[in-house]
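When a ligand or atom number is given, it counts from 1 through the structure's own listing order. Treat the numbers as computed from the prediction; the structure is a model and nothing was measured.
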Amino acid sequence: MNKTARGLLILTTVVSVNVLLFLWIMSQDKFSAPYQENCSSCHGDTLTGTPLGPALVGTDLQYGDSVTDISRIIRDGSLKNGMPAFAATLDDTVVQRLAIYVAEQRAGFRQFDLKIGQSLSIPVEAITTELHSFRLETVATDLDPLPFSIALLPDGRMLLTERGRGLSIVGINGQRSTLIPGAPTGYDDAIGSPFVGLRMGLGWMMDVALHPDYATNGWIYLQYGDRCSSCELKYKGFSMNKLVRGRIVEGHWVNEETIWQADRNAYTKSSDMGAGGRIAFDDNGHVFISVGFKGPTNYTGVQDLAMPWGKIHRMIDDGSMPPDNPFVDKPEALGSIWTYGHRSPQGLEFNYKTGQLWSTEMGPRGGDEVNLLLAGLNYGWPLVSRGLNYDGTPVDYGKLLGLSSDTMDIEQPIVDLTPSPAVSSFIIYTGSAFPGWQQHMVVGSLKATSLYRIVVENGVLIHQETLIHGLARIRDVEADAKGLIYLLLEHADGSLIVRMVPE
Ligand code: HEC
């Protein structure tokens, strides 16, 4: 099988494991049918406008273009100008579906158009943005279709994880090494069964990160889906996030230590797709990891402090328990939990200037978020989300779980990215190559294949710009000591690493 076919197979298998495609087909109607029924007579079948109503795509919207703004005008109308109010005839969920539908059509990307197979060409001409112009330089090509993370070594080489392979080094010349012997791998073969492993999305390599004092201590941290290969038979074909650290000495992974590992009863057969898997360090000797929904369903256990899923965990960098963690004194809770109620936390970064921890999180349909992570707080999944479930129903698993979102304190996202671009990893920029971007978030996305700049001041979104539009699925973003920004691009014909260099 060639690489493209393999990449597509892996991805579609994983997606179908989640039955998302099926739900999408079933749900199409719930989003487009109410539009065709109530709106197309004035705004046109394709939203391009008629003499009775303005175009809703390809133009700015006078009443605002967020889902909240669009919902408001649908509910309240603009009676004197000919837009009816729908509050009395359509219920809130349908209004929200319509607003997400309009926003998705405006953005030109659709739920489940994963863009894994679209042709990829790196633009040769400079890209001009509000504050800086830059060129994209290709650093490495021909990587696996499903890479996950890069970490820039001080000597200019890079550590690379590929989900189905393992850990390797990309040299200055862009050549990828063979797998580092001794390090955990994402190979299917290790498990010896055709029904589990990579094809079911289990046991993937996730983030690789250098300890802040790497130059002196040499520690490399690696998060991956542990397949519990040493476990008893009952747990074969299960997986769960695990964090280890080790050193690379003479090309070999050595001195491995386990920093965080879940109880084996928390290992599941759920795909590592939503497992999060990122690593961040603060300036005070702690390491944080994101663990997304990995329970038996995408909502089980996320609100349960005894379960590791849907949490950000915080440890001392040697794996010991910080005495000041928020739930450390609660006997029924896991002491490592820092925050909870997370769905699919794809990015995790510490801001060394403000001392704050930030995350990006993939929501359902609509509802991608940027969150400021404060000790002990609940970020709401699966009780509330600004998005809707893939099948168009509201997010409210509270009833099923016997929990009410009204009686619980839920932290709201700082930035609500709807329609969902499928946010991935990000950095908080501090380099000198792009001085205008100091402290701004540079955020990648998968489905939207775009790179965003997000400016947040005092906990409020100030500005958002699309820096690169329609490039490729951006899995990871990193910056080197000079402030050049590296993007890890996922592609079925072979993934790449490109570098943004100021013009
Ligand atoms: C009878 C014709 C008519 C129908 C039906 C109608 N609209 Fe409108 N719509 C208008 C007009 C006219 C405006 C411009 C209002 C204004 O300028 O104040 C408008 C404005 C809007 C706007 C704001 C555009 C902007 O620039 O901010 C949105 C969004 C919108 N409509 C969505 C919808 C949706 C969704 C539906 C179906 C639920 C719908 N409309 C049904 C006529 C209509």
message: Can you tell me how far apart CG (L374) and CD (Q356) are? Round to the nearest 0.5 Å.
response: 7.5 Å

- line: atom 29 (C) of ligand 1 has as its nearest protein heavy atom I73 CG2, 3.6 Å

- request: Measure from atom 20 (C) of ligand 1 to every heavy atom in Q62, K80, R75, M83 and give the option owning the shortest one.
  value: M83

task: Would you please say whether a donor-acceptor pair under 3.5 Å links the side chains of Y224 and N241?
output: no

field: Ligand-residue contact atoms, ligand 1 with L98, heavy atoms, under 4.0 Å
entry: 38 (C)

task: Might you point out which heavy atoms bring I414 and L461 nearest each other, and give the distance in Å?
output: O-CB, 4.3 Å

message: I'd like to know if the side chain of E465 and the backbone of E130 have a donor-acceptor N/O pair within less than 3.5 Å.
response: yes

- prompt: At what distance is the nearest protein heavy atom to atom 30 (C) of ligand 1, and which residue and atom is it?
  reply: H43 NE2, 3.6 Å

query: S78 heavy atoms, cut-off 4.0 Å: which ligand 1 atoms fall inside?
result: 15 (C), 16 (C), 18 (O)

field: Identity and distance of the protein heavy atom lying nearest atom 5 (C) of ligand 1
entry: N38 O, 3.3 Å

Selection from F86, Y63, Y35 by shortest heavy-atom distance to atom 41 (C) of ligand 1: F86

task: Could you name the option among T59, I74, L61 that has the heavy atom nearest to atom 35 (C) of ligand 1?
output: I74

task: Check each of T89, L90, N81, L79 against atom 12 (C) of ligand 1 and report the one with the nearest heavy atom.
output: N81

- prompt: Counting distance only, does the side-chain N/O of K294 pair as donor-acceptor with the main-chain N or O of G292 below 3.5 Å?
  reply: no

message: Among I312, I279, T360, which residue satisfies the side chain to side chain contact (heavy atoms under 4.5 Å, CB included) criterion with L348?
response: I312

field: Under 3.5 Å donor-acceptor, T339 side chain and L373 backbone
entry: no

Best match, C42, G77, S41: closest heavy atom to atom 3 (C) of ligand 1: C42

